[in-house]
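Read the structure below first, then the notes.
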Amino acid sequence: MKILTALLAVALAGIIPEPVSLQQQNGKFTLTACSGFCAASPEAAQVAGLTASGLRASTGLKLPVKAGKGNIVLILDKESGIPFEGYSLKVGRNKVEARASSREGLFYAMQSFLQLLDGGRKAPCCEISDSPRFQWRGFHIDPCRHFLPVEEVKKQIDILSQYKVNRMHWHLTDDQGWRIEIKKYPKLTEVGAWRTEFDGSVYGGFYTQDEIRDVVAYAAERCVTVVPEIEMPGHAISAIRAYPELSCTGETMNTFYTWGTPDVSLCVGSERVFEFLDDVISEVVRLFPSEYIHIGGDECRKNRWETCPKCQARIKEQGIVADKEFTAEEKLQSYAVHRMEGILAKYGRKLIGWDEILEGGLSPNATVMSWRGEKGGVKAAMMGHAVIMTPGSEGMYFDHFQGDPKAEPTAIGHYTTLEKVYAYDPVPQVLKDAGKSSLVKGVQCNNWSEYIYDVSHREYMLFPRAFALAEIAWTQPDHKDWESFKTRVDAACRRLDARGVNYHVPLPEQPGGSCSNLAFSDKTVVELTTTRPEKIVYTLDGSEPTAESAEYKAPIEINRTSVLKTASVTSFGRLSTVRTINATKMEPLPGFADEDIFKGIRARRADGRFWNAAALEGAEWTPIDLKSFRDITALEPYDRNLPDSTRFFAVEAGACFKVKETGVYRFSSDCDRVWIDYNLLIDNSDEPVKRYSRHDAELVLAEGVHNVHLLYIFNIKGGWNPLRNKSEVSMRKPGSEEWKPIKIIEL
Ligand code: ACM
Ligand code: ZN
């Protein structure tokens with residue numbers, strides 16, 4: 001049966017998400033210049049119009065929409081008994097008929113039809129009957145860390161709605177930027193929408209209320225409800241930047257330009273703050289018809305509340321006392337979320353928040369978005385609350401790596417492959433066992449954007465994982481089939497190609513850790529694999545690989561200095577990013593003579609704001625004492641709030657280390673630069689962000705004593721604070737996959 005489905009899927013180019021039932025029949029329907037839409041109701045005509053304009057773009061055909069005539073018939077039949085959002089679709093040789101009880105159902109029928117046409121003019125004859133598993137099939141976007149212009153927001157809505165995703169969670173406010181115009185508080189966007197980066201440049205942007213109305217209407221046409229998120233009481237530095245009186249101390253803050261959570265939150269002891277939140281929400285509800293408004297609630301640091309007279313007075317006034325489960329401040333957050341629920345209720349809206357809103361007691365009608373695993377979602381559902389599953393640990397965070405971190409562009413961490421996303425079932429077994437499955441209203445992928453510096457990379461992180469999200473959100477679990485899905489993903493990726501949208505193709509990776517700078521004395525062997533099976537091609541003559549280049553069949557033996565260029569190739573000929581692996585033949589670097597060996601660390605420091613290694617020219621250096629390389633990050637206190645008084649600096653440090661056997665050693669570091677025996681080996685200094693270095697490199701070292709020298713710069717690039725890095729160099733011994741910090745010869 002599974003094989004049959006897979007074969008059928010090939011023949012049909014494949015629909016994502018997989019429908020409830022699909023029967024292929026003989027023959028094909030062909031679009032011609034004589035085709036047209038027949039749509040009697042205004043809802044059907046709207047869907048037909050949208051479909052016609054899509055077909056005009058893909059085929060050039062300009063098909064009319066008429067009330068009583070046309071061979072593509074859209075019937076809105078409220079008595080049909082078809083579930084909300086469900087549809088039936090009959091594709092015959094001469095006629096297509098879509099039937100649904102809702103506009104949404106007709107829209108989804110047309111999305112299936114468009115996928116059957118697959119960009120061409122012919123669709124295989126078939127009968128489909130379909131309806132979704134979950135009502136909330138969501139994707140989240142984060143324009144706060146990196147701004148996403150309106151056109152890009154619309155593009156994502158357009159593409160994802162084609163896969164029957166129907167909620168866009170728009171994360172509009174955060175420490176790094178306030179992105180929604182609020183008329184009563186103009187400084188939120190005049191000031192709070194902008195941040196000054198380390199290099200002095202000003203970064204930001206915001207959506208005007210007109211732009212938001214435009215996006216909401218655009219989404220509604222495509223059956224996507226836009227759910228805005230206004231973060232409280234944490235993640236609110238951009239608001240506090242604009243209106244300092246919203247914090248406990250009234251201190252002046254910069255809009256945050258690093259990632260992570262600062263200590264400063266909204267002062268929930270202050271009535272002024274609730275007045276502000278009420279005012280903001282009163283404008284938000286006029287822009288967003290969504291039944292739900294997301295109030296954030298995650299990662300709120302409460303240390304200022306502990307010493308704030310107003311917050312402590314509120315605790316007293318409310319009779320809040322700590323117990324075994326929750327601190328008084330956690331309960332104070334719960335008080336604040338309850339107040340938000342009241343504000344929303346006043347405007348006829350419901351509250352949704354991240355799972356921290358469980359801490360200190362859940363508001364009576366709140367819906368919980370479970371992101372820290374499924375725990376919060378399970379707890380809330382057991383209490384009878386609706387939940388949306390978005391657990392990062394189960395594959396719903398698309399800011400995770402989707403391949404080897406040593407080969408992929410920098411991501412926030414973790415590991416979420418397409419297969420992992422696809423494997424996720426949003427209803428945990430405990431809820432099934434407890435008869436609470438129906439409280440899981442849906443599932444959502446979160447696309448946090450700290451490490452997403454451009455549109456193409458955003459698409460790379462989103463696709464094809466979003467296709468897996470679409471299928472787990474719509475398709476019943478017994479209908480999921482990974483083999484068939486992979487084939488259908490290829491078809492969906494071809495459609496992205498046609499539209500010029502980027503996506504992830506698994507890279508050739510080296511088992512045990514990718515490394516693009518290999519060294520050897522006699523020969524080295526390069527083994528390659530991919531996270532899901534794809535053909536791998538390569539060249540050894542320096543030329544760019546193509547789909548027709550030599551196919552990788554077995555580990556490649558290299559015995560002279562070579563440049564290996566490799567890429568994977570999809571079934572339809574699309575290449576992944578090319579990986580260039582330099583393999584250098586060398587004599588072992590000899591150990592140092594006694595007079596060149598020294599004990600301990602020789603180090604010097606320069607104070608100032610240095611953008612990169614080149615900016616150090618002319619710097620004033622002062623010798624410093626260091627016991628270990630690790631101590632470099634302790635030279636200045638790590639303060640997550642990054643106050644203006646922060647002292648930035650650079651350090652150069654060198655030491656000797658002993659190598660017990662001659663062989664190939666591999667080095668890794670997040671420092672700006674690393675030299676081994678005075679050869680520059682690793683250079684991260686001009687990377688957009690100094691995290692998860694992809695510049696690991698090998699050298700052949702002879703038994704004896706060698707030198708390691710590093711450059712560490714404390715600056716902020718790409719929002720990352722390198723005081724959080726390890727200021728050291730790690731090494732792998734010959735034949736080992738275990739990384740260990742280089743052990744220097746101490747004083
Ligand atoms: C979250 O990822 N902080 C909800
Ligand atoms: Zn306070």
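By convention here, the first residue in the shown sequence is residue 1. Note that these values count all heavy atoms, side chains included, but never hydrogens, waters or copies made by symmetry.
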Consider ring-ring contact (aromatic ring centres under 6.0 Å, His included). Of Y415, Y451, Y692, which one does F401 pass it with? Y692

Do the side chains of [Y] and [X] get nearer than 4.5 Å, heavy atoms only?
| X | Y | value |
| --- | --- | --- |
| I742 | E728 | no |
| I556 | T566 | no |
| L55 | L114 | yes |
| D497 | F572 | yes |
| L469 | L160 | no |
| P124 | L116 | yes |
| F463 | I159 | yes |
| F29 | F113 | yes |

Set of side chain to side chain contact (heavy atoms under 4.5 Å, CB included) partners for R694, sequence neighbours left out: T410, E687

Least distance between heavy atoms, [X] atom then [Y] atom:
| X | Y | answer |
| --- | --- | --- |
| P506 | T531 | CB-OG1, 3.4 Å |
| P722 | Y712 | O-OH, 2.8 Å |
| V659 | A702 | CG1-O, 3.7 Å |
| S484 | E18 | OG-OE1, 4.2 Å |
| D118 | A491 | OD1-O, 4.5 Å |
| I15 | E471 | O-OE1, 4.4 Å |

What do the steps show when you test R222 against D158 for side-chain contact (heavy atoms from CB on, under 4.5 Å), and what is the final call? CA-CA 7 Å; R222 288 156 183 78; D158 190 40; 3.1 Å; yes

Surrounding [atom1] of [X] (heavy atoms of other residues, nucleotides or ligands, distance under 6.0 Å), is the total greater than 12?
| X | atom1 | result |
| --- | --- | --- |
| D541 | CG | yes |
| K155 | NZ | yes |
| R532 | CZ | yes |
| K733 | NZ | no |

How long is the straight-line distance from [atom2] of [Y] back to [atom1] of [X], given to the nearest 0.5 Å?
| X | Y | atom1 | atom2 | result |
| --- | --- | --- | --- | --- |
| L22 | I128 | CG | CD1 | 4.5 Å |
| L699 | F520 | CG | CZ | 13.0 Å |
| E587 | T662 | CD | OG1 | 11.0 Å |

Before you tell me yes or no, could you show the steps for T633 and R724 under side-chain contact (heavy atoms from CB on, under 4.5 Å), namely the whole-Å CA-CA distance, both residues' side-chain angles and the distance that decides it to 0.1 Å? CA-CA 8 Å; T633 48; R724 297 171 75 180; over 6 Å; no

Listed by chain and number, what are the side-chain hydrogen bond (donor to acceptor under 3.5 Å, both in side chains) partners of [X], not counting sequence neighbours?
| X | answer |
| --- | --- |
| D142 | R145 |
| S568 | S576 |
| E527 | none |

Hey, mind stepping through T30 and K122 against side chain to side chain donor-acceptor pair (under 3.5 Å) and telling me if it holds? CA-CA 5 Å; T30 305; K122 288 183 191 300; 3.2 Å; yes

salt_bridge([X], [Y]) N-O dist < 4.0 Å:
| X | Y | result |
| --- | --- | --- |
| E544 | K565 | yes |
| R691 | D670 | no |
| D404 | R579 | no |
| E152 | R458 | no |

Check: [Y] main-chain N/O paired with [X] side-chain donor or acceptor under 3.5 Å:
| X | Y | value |
| --- | --- | --- |
| S514 | Q510 | yes |
| S562 | R560 | yes |
| E459 | N502 | yes |
| R121 | T59 | yes |
| N559 | K523 | no |
| D481 | E483 | yes |
| N446 | Y397 | no |
| H146 | I452 | yes |
| Y424 | T390 | no |
| K743 | K658 | no |

Has K406 got its NZ or CZ under 6.0 Å from the middle of the six-membered ring of W739, at an angle within 45 degrees of the ring axis? yes

Does K690 make a cation-pi contact with W720, if we ask for NZ or CZ under 6.0 Å from the ring centre and within 45° of the axis? no

Can D130 and L89 be said to form a side-chain contact (heavy atoms from CB on, under 4.5 Å), step by step? CA-CA 8 Å; D130 203 7; L89 178 69; over 6 Å; no

Per the ring-ring contact (aromatic ring centres under 6.0 Å, His included) rule, what does the pair list look like for residues 479-509, sequence neighbours excluded? Y422-W482, Y422-F485, Y460-H504

With sequence neighbours excluded, give me every ring-ring contact (aromatic ring centres under 6.0 Å, His included) pair touching residues 653-677. W675-H709

Evaluate the criterion salt bridge (charged side-chain N to carboxylate O under 4.0 Å, His left out) for residue pair K717 and D672; output intermediate values, then yes/no. CA-CA 11 Å; K717 294 180 109 170; D672 285 71; 5.5 Å; no

Is there a donor-acceptor contact under 3.5 Å linking the side chains of [X] and [Y]?
| X | Y | answer |
| --- | --- | --- |
| S693 | N684 | yes |
| Q115 | R495 | yes |
| S668 | D696 | yes |

Using the side chain to side chain contact (heavy atoms under 4.5 Å, CB included) definition, which of the options M396, R133, M389, R137 pairs with I472? M396

Please tell me whether H140 and F398 form a close aromatic pair, meaning their ring centres lie under 6.0 Å apart. no

Can V537 and T546 be said to form a side-chain contact (heavy atoms from CB on, under 4.5 Å), step by step? CA-CA 7 Å; V537 293; T546 67; over 6 Å; no

